[in-house]
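Comments concern the structure below.
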Amino acid sequence: MLEPADPAEFVRTNTIVAAPPLVPEIRLHLASEITTLWHATEASLAKAQLPPPYWAFAWAGGQALARHILDHPELVRGRAVLDFGAGSGLVAIAAAMAGARVTAAEIDPFAAAAITLNAAHNAVEIAIERMDVIGRTPAPWEAVLAGDMCYERPLAERLTRWLRSLAARGVTVLLGDPGRSYLPATGLEALARYEVSTTLELEDRLSREGVVWRVLP
């Protein structure tokens with residue numbers, strides 16, 4: 001296995017290019033053997049204190065949000081859009097396909113490399129922001145998208161406060177979530193629901209309901 005000095009080469013070597021079940025229009029570098037890649041990447045990244053390879057999987061919340069954007073391109077067409085915690089870039093790519101000017105916010109260098117490779121596979125242009133953007137106001141984006149980001153309390157709470165402040169300033173804020181523990185209990189409007197095929201290696205069931213939520217001010 002490669003050392004993580006070259007994130008792009010690591011992504012190419014340890015993934016296959018495949019389409020997520022709910023979004024067959026988009027092809028991504030994804031883990032072909034979940035357990036093998038997860039353990040190998042964790043071991044390699046531990047020295048650098050980098051997070052596990054969340055970027056190597058098309059999570060249910062992100063798939064639901066990407067599907068919704070592709071089905072309703074008017075939500076983002078012609079607008080400056082941020083995909084927060086972009087991971088593989090799935091949602092960012094969907095927004096770009098829908099005609100948005102897209103920035104993907106992702107602090108993990110391996111995820112950033114995956115986004116660059118995945119954007120090229122899908123013939124779209126995506127700018128990458130490597131800094132932590134939470135709290136940035138005024139925000140330069142007209143819409144902010146976040147797929148499957150409510151899995152950890154501290155992050156979810158910081159993110160929710162910021163997203164609500166953006167919504168209060170007129171920014172369109174959409175979340176894709178399959179029922180994660182720290183999704184806010186209030187202040188959300190459900191826009192759509194999708195059944196997303198999953199795997200028992202990632203989830204505790206073979207499918208999850210991915211809900212697209214609008215964040216209210």
Side-chain angles (χ1 to χ4, degrees), residues 1 10-45 51-73 75 83-95 97-98 104 106 108 110-111 114-115 117-118 121-122 145-153 155-156 159-160 174-185 188-215:
M1 190 192 67
F10 184 89
V11 171
R12 281 191 291 263
T13 301
N14 290 279
T15 61
I16 62 170
V17 177
L22 195 64
V23 198
E25 303 96 319
I26 296 176
R27 295 177 64 78
L28 306 170
H29 282 269
L30 299 173
S32 58
E33 296 184 32
I34 291 172
T35 304
T36 300
L37 176 63
W38 189 275
H39 291 166
T41 311
E42 276 195 315
S44 296
L45 300 185
Y54 298 117
W55 53 266
F57 310 102
W59 299 93
Q63 288 194 55
L65 184 52
R67 179 74 269 153
H68 193 68
I69 293 298
L70 289 174
D71 290 345
H72 301 277
L75 291 169
D83 177 14
F84 177 85
S88 67
L90 171 59
V91 174
I93 291 167
M97 286 180 165
E106 182 52 74
D108 181 345
F110 289 80
I115 293 166
L117 293 170
N118 291 335
H121 267 295
N122 293 278
L145 313 174
D148 232 314
M149 293 304 300
C150 294
Y151 57 89
E152 180 183 84
R153 184 191 294 275
L155 172 60
L159 179 61
T160 298
L174 302 181
L175 298 178
D177 189 271
R180 300 301 180 205
S181 298
Y182 303 108
L183 180 73
L188 300 176
E189 175 190 6
L191 300 182
R193 299 175 185 271
Y194 301 89
E195 197 68 21
V196 186
S197 297
T198 62
T199 168
L200 293 177
E201 292 181 282
L202 282 179
E203 305 280 5
D204 60 356
R205 64 201 74 176
L206 292 175
S207 68
R208 276 190 171 273
E209 184 183 60
V211 183
V212 177
W213 302 95
R214 183 188 298 273
V215 176

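Note that the structure is a prediction, hence the values are computed from the model and not measured. For reference, positions follow the sequence shown, starting with 1.
The distance from the CE atom of Met97 to the CG atom of Asn122 is 4.0 Å, given to the nearest 0.5 Å. Once rounded to the nearest 0.5 Å, the distance linking CD of Glu106 with OH of Tyr54 reads 11.5 Å. Between the NE2 atom of His29 and the CG atom of Leu117 there is a distance of 4.5 Å, given to the nearest 0.5 Å.
Minimum heavy-atom separation, Pro24 to Arg67: CD-NH1, 3.9 Å. The minimum heavy-atom distance between Pro20 and Leu28, with the atom names listed, is CG-CD1, 3.7 Å. In this structure, Leu183 and Cys150 approach most closely via the heavy-atom pair N-CB, 3.5 Å. Counting all heavy atoms, side chain and backbone alike, Ala60 lies closest to Pro178 at CB-CB, 3.8 Å.
For Arg27, the side chain to side chain donor-acceptor pair (under 3.5 Å) criterion is met by no residue, not counting sequence neighbours. Considering only residues two or more places apart in sequence or on other chains, Glu152 meets the side chain to side chain donor-acceptor pair (under 3.5 Å) condition with none of them.
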Could you tabulate the donor-acceptor pairs under 3.5 Å formed by side-chain atoms of residues 191-198, not counting sequence neighbours?
residue	atom	partner	partner atom	Å
Arg193	NH1	Glu209	OE1	3.2
Tyr194	OH	His68	ND1	2.9
Glu195	OE2	Ser207	OG	2.8
Thr198	OG1	Arg205	O	2.6
Thr198	OG1	Leu206	O	3.3
Thr198	OG1	Ser207	N	3.3

For residues 86-95, which side-chain donor-acceptor pairs fall under 3.5 Å, sequence neighbours excluded?
residue	atom	partner	partner atom	Å
Ser88	OG	Leu90	N	3.3

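Within the structure, salt bridge (Lys or Arg N to Asp or Glu O under 4.0 Å) contacts touching residues 174-184 (residues at least two apart or in different chains) are Asp148-Arg180, Arg180-Glu203.
Side-chain contact between Thr15 and Trp55 is present, with at least one heavy-atom pair separated by less than 4.5 Å.
Checking Leu188, Leu175, Leu174 one by one against Arg214, the side-chain contact (heavy atoms from CB on, under 4.5 Å) holds for a single residue, Leu174.
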